[in-house]
Amino acid sequence: MGENAFDNCSNLTKVYLANCNGREGYLANGGTIASGNDKLESATWYFDRSSTTPANGHNWGEWVFANDATCTEDAHDVRTCARCAGTESRTVENTATGHEWGDASYAWSDDYHACTASRSCANNAAHVQTCPGTVTSQVITEPTYDDLGQFTSTATFDEPWASTVTATADIPALARTLIAVPKARTGLTYTGKAQAGVAAGKGYTVAGGTRTSAGSYTATLTLAEGYAWADGTLGPKSVKWTISKKSQALGVSAAQRSKKVAYSKRSARYTSKVSVTGAKGKLTWSKVSGTKKLTVGKTTGKVRVTAGTKRGTYRIKVKVSSATTTNYKAASKTVTVTVRVK
């Protein structure tokens, strides 16, 4: 019984299918169902290794030059099988292009105390050589209270392709040291510990820059003697900063998802409170969905079972909400509670 499923360059065993109604069928013509039920729910595959289709072998085409050489790797020839479209390749020796280096460029650090030389390959921009320089500096003009001074930095390199370069930079005037107004830290969230929204630094002091509770604050920055702000002013600066409220991580234990009450024909029954963990604010409960026989107390969190509800299992989806506080955001958790009336 059965047919060969495929006939390709490689051996393949016969494939049989026992479909869901018990009849045997098989796959042929590249996967088309030839017989049996074509709705293959719960189908089981069986492989009969008693016979195989002999391999036809590859039918290779001509070698084609791929022209894929890089600076460091040789190119390849590639050929393709006419039967299965498989490919194989071989290396073409001595075809790597080699590097074609461009002129060196030089990058100084902001303070002109460090310099790096680099050059790129014209054949592949990803191929880059770098060389750190040895920098020496010398003052040309001393600064005064009214005028800037100047200094030169000279960088020399160990690599022969990098030349000696020199840069000239200013020395700040002696009257005052210019400093930037610091920015407030962002992304602060309540932790229960003191946090600095504006850090102290050289040349100024900070008042109102550290707080514990969530909220919006203003720090006052006052210059130390001998310093000026980058905009040339000398007066105090104000920087606003914030500590955000923390999210409440509400959780529900498995025990809270299952409740039991005794059957009562004449009076309603109440489960224990549907509790959550991690709540920081005032809790309220509300019904999201479920049988009409079950409700939930808004302030008690107890599930009410209507009088006369027959013995059995019932479900109600309850939303537990925790209100916002000074330091925590409002949060909610929805839980499906199974109530068994015994």
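These figures come from a predicted structure and were not determined experimentally. Sequence positions, counted from 1, serve as the residue numbers for this chain.
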A.B. asks: Taking the side chain as every heavy atom from C-beta outward, state whether V337 and Q256 have any atom pair closer than 4.5 Å.
C.D. replies: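 Contact flag for V337/Q256 side chains = no.
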A.B. asks: Please step through side-chain hydrogen bond (donor to acceptor under 3.5 Å, both in side chains) for the pair S322 and Q248, ending with a clear verdict.
C.D. replies: CA-CA 8 Å; S322 180; Q248 299 183 56; 2.5 Å; yes
A.B. asks: Could you tell me whether a side-chain N or O of T97 sits under 3.5 Å from a main-chain N or O of T70, the two making a donor and an acceptor?
C.D. replies: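 Such a contact is found between T97 side chain and T70 backbone.
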A.B. asks: Considering all heavy atoms of both residues, which atom of N124 and which atom of C71 are nearest to each other, and what is their separation?
C.D. replies: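 Heavy-atom minimum between the residues: CB-SG, 4.2 Å.
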A.B. asks: How far apart are the closest heavy atoms of A114 and D111, and which atoms are they?
C.D. replies: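 Looking at all heavy atoms of both residues, the closest pair is N-OD1, 4.3 Å.
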A.B. asks: What pair of heavy atoms forms the shortest contact from R83 to G57, and how long is it?
C.D. replies: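 Residues R83 and G57, closest heavy atoms: NH1-O, 2.6 Å.
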A.B. asks: Between T325 (side chain) and N327 (backbone), is there a donor-acceptor pair under 3.5 Å?
C.D. replies: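 Flag set: sc T325 to bb N327 pair under 3.5 Å.
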A.B. asks: Within the 4.5 Å heavy-atom criterion, are Q150 and V139 side-chain neighbours or not?
C.D. replies: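 Side chain of Q150 against side chain of V139, heavy atoms only: no contact under 4.5 Å found.
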A.B. asks: Other than V92, which residues form its hydrophobic cluster under the rule that side-chain heavy atoms must be closer than 4.5 Å?
C.D. replies: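 The other cluster members (ILVMFWY side chains, heavy atoms under 4.5 Å, direct or chained) are F65.
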A.B. asks: Checking S120 now: which residues fulfil side chain to side chain donor-acceptor pair (under 3.5 Å) with it, not counting sequence neighbours?
C.D. replies: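 Partners of S120 by the side chain to side chain donor-acceptor pair (under 3.5 Å) criterion come out as none, since no residue qualifies.
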A.B. asks: I'd like to check the side chain to side chain donor-acceptor pair (under 3.5 Å) partners of D77; sequence neighbours left out, ordered by chain and number.
C.D. replies: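 Per chain and number, D77 pairs via side chain to side chain donor-acceptor pair (under 3.5 Å) with R90.
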A.B. asks: Which pairs of donor and acceptor atoms, one on a side chain in residues 125-136, lie under 3.5 Å apart (sequence neighbours left out)?
C.D. replies:
| from | atom 1 | to | atom 2 | distance (Å) |
| --- | --- | --- | --- | --- |
| Q129 | OE1 | R119 | NE | 2.7 |
| Q129 | OE1 | R119 | NH2 | 2.8 |

A.B. asks: Would you please name every residue forming a ring-ring contact (aromatic ring centres under 6.0 Å, His included) with W161, sequence neighbours left out?
C.D. replies: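 By the ring-ring contact (aromatic ring centres under 6.0 Å, His included) rule, W161 matches no residue at all.
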A.B. asks: Members other than W101 in its cluster, when Ile, Leu, Val, Met, Phe, Trp, Tyr link by side-chain heavy atoms under 4.5 Å?
C.D. replies: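 Noted: W101 shares its cluster with no other residue.
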A.B. asks: Around R315, counting heavy atoms of other residues, nucleotides and ligands shown, do more than 12 lie under 6.0 Å from its CZ?
C.D. replies: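 No.
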A.B. asks: Count I, L, V, M, F, W, Y as connected when their side-chain heavy atoms are under 4.5 Å apart, and connections chain through other members. Are V276 and V288 then in the same cluster?
C.D. replies: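 No.
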A.B. asks: Let me check something: any side-chain donor-acceptor pairs from residues 174-190 under 3.5 Å, sequence neighbours excluded? List them with distances.
C.D. replies:
| from | atom 1 | to | atom 2 | distance (Å) |
| --- | --- | --- | --- | --- |
| R176 | NH1 | Y227 | O | 3.4 |
| R185 | NH1 | A196 | O | 3.1 |

A.B. asks: Considering non-hydrogen atoms only, spot the tightest contact between A96 and D74 and give its length.
C.D. replies: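 For A96 and D74, the tightest heavy-atom pair comes out as N-OD1, 2.9 Å.
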A.B. asks: What is the distance from atom OG of S163 to atom CG of D103, rounded to the nearest 0.5 Å?
C.D. replies: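 Separation between the atoms: 9.0 Å.
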A.B. asks: Using modelled atom types only, decide if a donor and an acceptor are shared between the side chain of T233 and the backbone of G235 within a distance under 3.5 Å.
C.D. replies: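 Here the side-chain-to-backbone pair does not exist.
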A.B. asks: Got a donor-acceptor contact below 3.5 angstrom from the T306 side chain to the T309 backbone?
C.D. replies: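 Answer holds: no.
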A.B. asks: Report yes if the side chains of T336 and I316 come closer than 4.5 Å at any heavy-atom pair, otherwise no.
C.D. replies: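 Counting from C-beta outward, T336 and I316 never come under 4.5 Å.
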A.B. asks: Does L223 belong to the same Ile/Leu/Val/Met/Phe/Trp/Tyr cluster as V198, with side-chain heavy atoms less than 4.5 Å apart forming each link?
C.D. replies: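 Both belong to a single hydrophobic cluster.
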A.B. asks: Report yes if some heavy atom in the side chain of V206 is under 4.5 Å from a heavy atom in the side chain of T220; otherwise report no.
C.D. replies: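 No; the side chains remain at least 4.5 Å from each other.
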A.B. asks: Measuring from atom OG1 of T91 to atom NE2 of H76, what distance do you get when rounded to the nearest 0.5 angstrom?
C.D. replies: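 The OG1 atom of T91 sits 4.0 Å away from the NE2 atom of H76.
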A.B. asks: Crowded around K287 NZ? As in, over 12 foreign heavy atoms under 6.0 Å?
C.D. replies: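 Atom NZ in K287 is packed in, count exceeds 12.
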A.B. asks: Is there a side-chain contact between T205 and L221 (heavy atoms, below 4.5 Å)?
C.D. replies: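 They are not in side-chain contact.
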A.B. asks: Output every pair passing salt bridge (charged side-chain N to carboxylate O under 4.0 Å, His left out) with a member in residues 230-250, not counting sequence neighbours, ordered by first then second residue.
C.D. replies: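 Qualifying pairs: D231-K237.
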A.B. asks: Do E88 and R79 pass the salt bridge (Lys or Arg N to Asp or Glu O under 4.0 Å) test, and can you show the C-alpha distance, the side-chain angles, and the key distance before you say yes or no?
C.D. replies: CA-CA 6 Å; E88 69 175 2; R79 63 179 181 176; 2.4 Å; yes
A.B. asks: side-chain hydrogen bond (donor to acceptor under 3.5 Å, both in side chains): which pairs involve residues 264-285, sequence neighbours left out?
C.D. replies: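 Every pair satisfying side-chain hydrogen bond (donor to acceptor under 3.5 Å, both in side chains) with a residue in residues 264-285: K259-S272, S264-S267, Y270-R304.
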A.B. asks: So which pairs with a foot in residues 321-342 pass salt bridge (charged side-chain N to carboxylate O under 4.0 Å, His left out), sequence neighbours left out?
C.D. replies: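 The answer is none; no pair qualifies.
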A.B. asks: Group every Ile, Leu, Val, Met, Phe, Trp and Tyr by side-chain heavy-atom contacts under 4.5 Å, then state whether V341 and V296 land in the same group.
C.D. replies: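 Yes.
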A.B. asks: Please list, one pair per line, the donor and acceptor atoms closer than 3.5 Å that link side chains of residues 151-159 to other protein atoms, with sequence neighbours excluded.
C.D. replies:
| from | atom 1 | to | atom 2 | distance (Å) |
| --- | --- | --- | --- | --- |
| S153 | OG | Y112 | O | 2.6 |
| S153 | OG | S137 | OG | 2.9 |
| T154 | OG1 | T166 | OG1 | 3.3 |

A.B. asks: Taking T242 for the side chain and S244 for the main chain, is one N or O donor matched with an acceptor at less than 3.5 Å?
C.D. replies: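 Pair absent, no side-chain N/O of T242 close to backbone of S244.
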A.B. asks: Give me the atom names and distance for the closest heavy-atom approach of I243 to S213.
C.D. replies: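 Closest approach of I243 to S213, heavy atoms only: CD1-O, 3.5 Å.
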A.B. asks: Return the minimal non-hydrogen interatomic distance between V78 and S89, and the atom names on each side.
C.D. replies: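 Of all heavy-atom pairs spanning V78 and S89, the closest is CG2-CB, 4.0 Å.
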A.B. asks: Going by the ring pair (Phe, Tyr, Trp, His ring centres under 6.0 Å) test, which pairs reach into residues 201-224, not counting sequence neighbours?
C.D. replies: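 Checked against ring pair (Phe, Tyr, Trp, His ring centres under 6.0 Å) - neighbours excluded - the pairs reaching residues 201-224 are Y217-W241.
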A.B. asks: Are V165 and C115 close enough that some pair of their side-chain heavy atoms sits under 4.5 Å apart?
C.D. replies: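 Side-chain contact under 4.5 Å: yes.
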